[in-house]
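These notes concern the structure reproduced below.
What you see is a predicted model; the values in this text were computed from it and never measured. In each ligand, atom 1 is the first atom listed, and ligand 1 is the first ligand listed. In this chain, residues are counted from 1 in sequence order.
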Amino acid sequence: MLIDIYSPGIYTAGIPHRQFAWLRENAPVYWHEHPDGGGYWVVSRHREVVQVSKDFKTYSAERGFVMVDDMEPDVLDMVRNQLLGMDPPRHAPLRRAVITRFTSKRLAALEPRVRAIARGIMARVGALEDINFVEDLAGDLPTAVICSLLDIPEDMWPQIRRWSDLCTSATDPDLGGTPEEVNQASIEMGTYGFQLASQRKDGGGDDLISLLINQEVDGEKVSEAEFASLFVQIAVAGNETTRGLISSGMYLLAQHPQAYAELERDYSLIPSAVEEMLRWTCPLHYFRRTATCDTELGGEKIAAGDRVVMLYSSANFDESVFHQPMKFDIRRNPNPHLAFGYGIHLCLGANLARMEARLFLEEFFRAFSGLELTGTPSYIESNIVHGFKQMPARLTRRH
Ligand code: HEM
């Protein structure tokens, strides 16, 4: 079978299930050509994706960051200050600090605010209005929540979203830009974050920016460069991904009217439905690691310095782990999907994203009695971000 899972255009038709199934069956650790003249290993089965994620000594996030395309040294230096691009021992102290804002107690305290934001979004959309579900409904909640956590003034929220989209959807002709523009967006965003931080230094604030800027890691304050990268990561990480989960999740429900009706009747089913949506929608197709030494994986010899790509959106359909993987089952239990990754870098915002999706669905069902798709949704052209940019829909308001 001809395998091309690199070209961003492939993903405009959704997850390339046929290619992924072939890889899992025939070459679970597969050497794939890269347009830069080199190649990289594609890891498509659940077992090996977990193995690579767990073994952070052999598979480094820091050496080459998490994207399959190698970066210029100055950009690489910058992104190594994101949690996502740190190896131990740098990673743990910073992660421990940030995680204090994502504990279950903190999230429970945040819930009424997130619900109010969701309710406000539903109220804004008129009855039977033709909308782009992604932009008009799904996108506002993640941006509002993340900007609230960072205490960013509301007039800057659309700008944060624009910067963020540019960073995550660089290869899409509608959303992206040249590498220089993308780099520029991330620098502008980091600079903006640092300006906010300077105002909040020693201010005693409780928001995430105040926490990070006043944080000591191993006895030293977080530097300007570290802060800027961290800010960018946190602002970007929760935007596109959660929007993807919500819009693609609703699309799945529109295609499964029985599941839709069950959830509408019984909100207690929503948490397990969200897990199944995560398995299917898997908002990030992959993250990359770089081998630190010669090793072996799934019977293949991996050389030090090789790029290794963990294909989450394939692992989530691994027939040796998921019974009838192509069935959308809102009661699936257990559901060990890898949409949030695994191991020391496991998504910090996972429970926040779950909560956003749950509250979005609850408030959606309260506000609307129907969702009709009025056109074919179009996917973001990207080999890493999995989600729609357009989902034309019409809603019927309850009252
Ligand atoms: C559906 C929504 C989301 C998905 C699918 C998602 C997915 C992921 C994945 C796959 C990773 C990497 C895990 C690994 O390398 O093993 C990750 C890491 C991370 N995510 Fe998320 N994410 C989502 C939402 C969020 C939100 C809302 C936030 C922030 C508020 C967030 C913040 C982070 C951070 C800070 C990391 C780095 C953690 C570390 O390296 O220690 N994510 N996410």
Using a 4.0 Å cut-off to any heavy atom of [X], which atoms of ligand 1 qualify?
X	answer
L83	39 (C), 40 (O)
L352	30 (C)
F102	30 (C)

Check: [X] N/O within less than 3.5 Å of ligand 1 N/O:
X	result
R95	yes
T242	no
E356	no

Protein contact to [atom] [nearest heavy atom, distance to 0.1 Å]:
atom	result
atom 11 (C) of ligand 1	F287 CE1, 3.6 Å
atom 26 (C) of ligand 1	G238 CA, 3.4 Å
atom 15 (O) of ligand 1	R289 NH2, 2.9 Å

Per-residue contact class, [X] against ligand 1 - non-hydrogen pairs under 4.0 Å:
X	value
L284	side chain
H345	both
H285	neither
I344	backbone
L84	both
A339	backbone

Given [options], which one has a non-hydrogen atom that is nearest to [atom]?
atom	options	answer
atom 9 (C) of ligand 1	F340, F56, Y312	F340
atom 2 (C) of ligand 1	I234, V49, T241	T241
atom 37 (C) of ligand 1	R96, M277, Q233, M355	Q233
atom 22 (N) of ligand 1	A350, A237, C347	C347
atom 31 (C) of ligand 1	G249, G341, A353, G349	G349
atom 29 (C) of ligand 1	V274, L348, I146	I146

Tell me whether the count of non-hydrogen atoms from other residues, nucleotides or ligands lying under 6.0 Å of CZ in F227 goes above 12.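 Buried by this count: over 12 neighbours within 6.0 Å.
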R398 atom CZ, over 12 foreign heavy atoms within 6.0 Å: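 Correct, the count exceeds 12.
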May I ask you to check whether [X] and [Y] show a side-chain donor-acceptor distance below 3.5 Å?
X	Y	answer
T58	D55	yes
R24	S314	yes
D4	S7	yes
D172	S382	no

Run the contact test for [X] against ligand 1 with a 4.0 Å cut-off on heavy atoms, strictly below, and give the result.
X	answer
P283	yes
R101	no
H91	yes

In terms of relative ring orientation, are F388 and Y379 parallel, tilted or perpendicular, with 30° and 60° separating the classes?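 Because their plane-to-plane angle lies in the 30° to 60° range, the rings of F388 and Y379 count as tilted.
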Geometric class of the W163/Y192 ring pair [parallel <30°, tilted 30-60°, perpendicular >60°]: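 Y192 vs W163 ring planes: tilted.
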Does the ring of F322 carry R332 above it, NZ/CZ under 6.0 angstrom from centre and within 45° of its axis?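 No - R332 does not lie over the ring of F322 by the 6.0 Å and 45° rule.
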For the rings on [X] and [Y], is their centre-to-centre separation under 6.0 Å?
X	Y	result
Y40	W31	no
Y11	H386	no
H17	F317	yes
F360	F365	no

Using the rule that two of Ile, Leu, Val, Met, Phe, Trp, Tyr join whenever any of their side-chain heavy atoms come within less than 4.5 Å, decide whether M86 and M71 are in one cluster. yes
